[in-house]
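Only a predicted model underlies this, so the values are computations on that prediction, with no experimental measurement involved. Only heavy atoms go into these numbers, but all of them, side chains included; no hydrogens, no water, no symmetry mates. All residue numbers refer to positions in the sequence shown, counting from 1.
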Amino acid sequence: MKSIKISIPSLIENIKIIESFIDNAREKFSINEDIYGNIMISVTECVTNAIVHGNSLDGSKKVDLELHLDDNQVKFVIKDEGTGFDYDHLEDPTSTENLEKAGGRGIFIMKHLSDEVKFEDLGRKTILTFYM
């Protein structure tokens, strides 16, 4: 299994670093163009959540991103240093009372664009899986 890691301070402008990381991984590992867009949106959304909600935009806290690749799938593991969250009781962003809200769609989007989304360590660790 091939893998690469990166760690960034929890600053929103570091999303550009994550985008470059994904672009470089696509070239290095020949990640399928069909899933590239889904990966880019899901991983950047997840890292944004880790920076904003997990680490509360605290630049002294890190977000770790790992990529694990084998023959038939690519996994991204995103970890923050926050307190976690209750991922079993999220509001439905498609319900009428939530349609006008500015946020609350990130995990919904990740679940629809990834083949598998798993939360561990009280929600401080997210694993996004994409099948090749």
To the nearest 0.5 Å, how far apart are CD1 in I22 and CD1 in I17? 12.5 Å

Which Ile, Leu, Val, Met, Phe, Trp or Tyr residues join I109 in one cluster when any pair of side-chain heavy atoms under 4.5 Å counts as a link? I41, L113

Evaluate salt bridge (Lys or Arg N to Asp or Glu O under 4.0 Å) for E116 paired with K118, printing each intermediate quantity in order. CA-CA 7 Å; E116 191 179 316; K118 197 160 112 184; 5.3 Å; no

Sequence neighbours left out, what pairs pass side chain to side chain donor-acceptor pair (under 3.5 Å) with at least one residue falling in residues 44-58? S10-N55, D58-S60

Please walk me through it: do I8 and I51 pass side chain to side chain contact (heavy atoms under 4.5 Å, CB included)? CA-CA 9 Å; I8 60 165; I51 290 170; 4.0 Å; yes

For N14 and P9, the nearest pair of non-hydrogen atoms, with its separation, is ND2-O, 2.9 Å

Can you list the other members of the hydrophobic cluster that holds M1, where links are side-chain heavy atoms under 4.5 angstrom apart? none

With side chain to side chain contact (heavy atoms under 4.5 Å, CB included) as the test, would you mind laying out the steps for F130 and S42 before giving the verdict? CA-CA 10 Å; F130 302 88; S42 299; 3.8 Å; yes

Just to verify, what does S7 make a side-chain hydrogen bond (donor to acceptor under 3.5 Å, both in side chains) with, not counting sequence neighbours? D64

Is Y131 reachable from F76 through a run of hydrophobic residues whose side-chain heavy atoms are each under 4.5 Å from the next? no

Check whether L122 and V77 end up in the same hydrophobic cluster, where Ile, Leu, Val, Met, Phe, Trp and Tyr are linked by side-chain heavy atoms less than 4.5 Å apart. no

Rounded to the nearest 0.5 Å, how far apart are CD1 of I35 and CE of M132? 5.5 Å

Would you name the heavy atoms of K75 and I127 that are closest together and state the gap between them? CD-CG2, 4.2 Å

Can you give me the closest heavy-atom contact between R124 and G82, atom names plus distance? CD-O, 2.7 Å

Check the pair I78 / V63 against side chain to side chain contact (heavy atoms under 4.5 Å, CB included), numbers first and verdict last. CA-CA 7 Å; I78 298 94; V63 174; 3.9 Å; yes

Atom pair CD1/CG of I39 and L128 - distance to nearest 0.5 Å: 9.5 Å

Shortest non-hydrogen contact from G54 to D80? CA-OD2, 3.7 Å

Relative to each other, are the rings of F85 and Y87 parallel, tilted or perpendicular (30° and 60° limits)? perpendicular

Connected to L11, directly or through other members, by ILVMFWY side-chain contacts below 4.5 Å are none

Taking every heavy atom of S3 against every heavy atom of H68, the minimum-distance pair comes out as CB-ND1, 3.3 Å

Between L65 and F21, is a side chain to side chain contact (heavy atoms under 4.5 Å, CB included) present by the stated rule, with each step listed? CA-CA 9 Å; L65 173 61; F21 176 89; 3.5 Å; yes

By the salt bridge (charged side-chain N to carboxylate O under 4.0 Å, His left out) test, which pairs, at least two apart or in different chains, include something from residues 12-27? R26-E33

Which value, rounded to the nearest 0.5 Å, describes the distance between L67 atom CG and K5 atom NZ? 12.0 Å

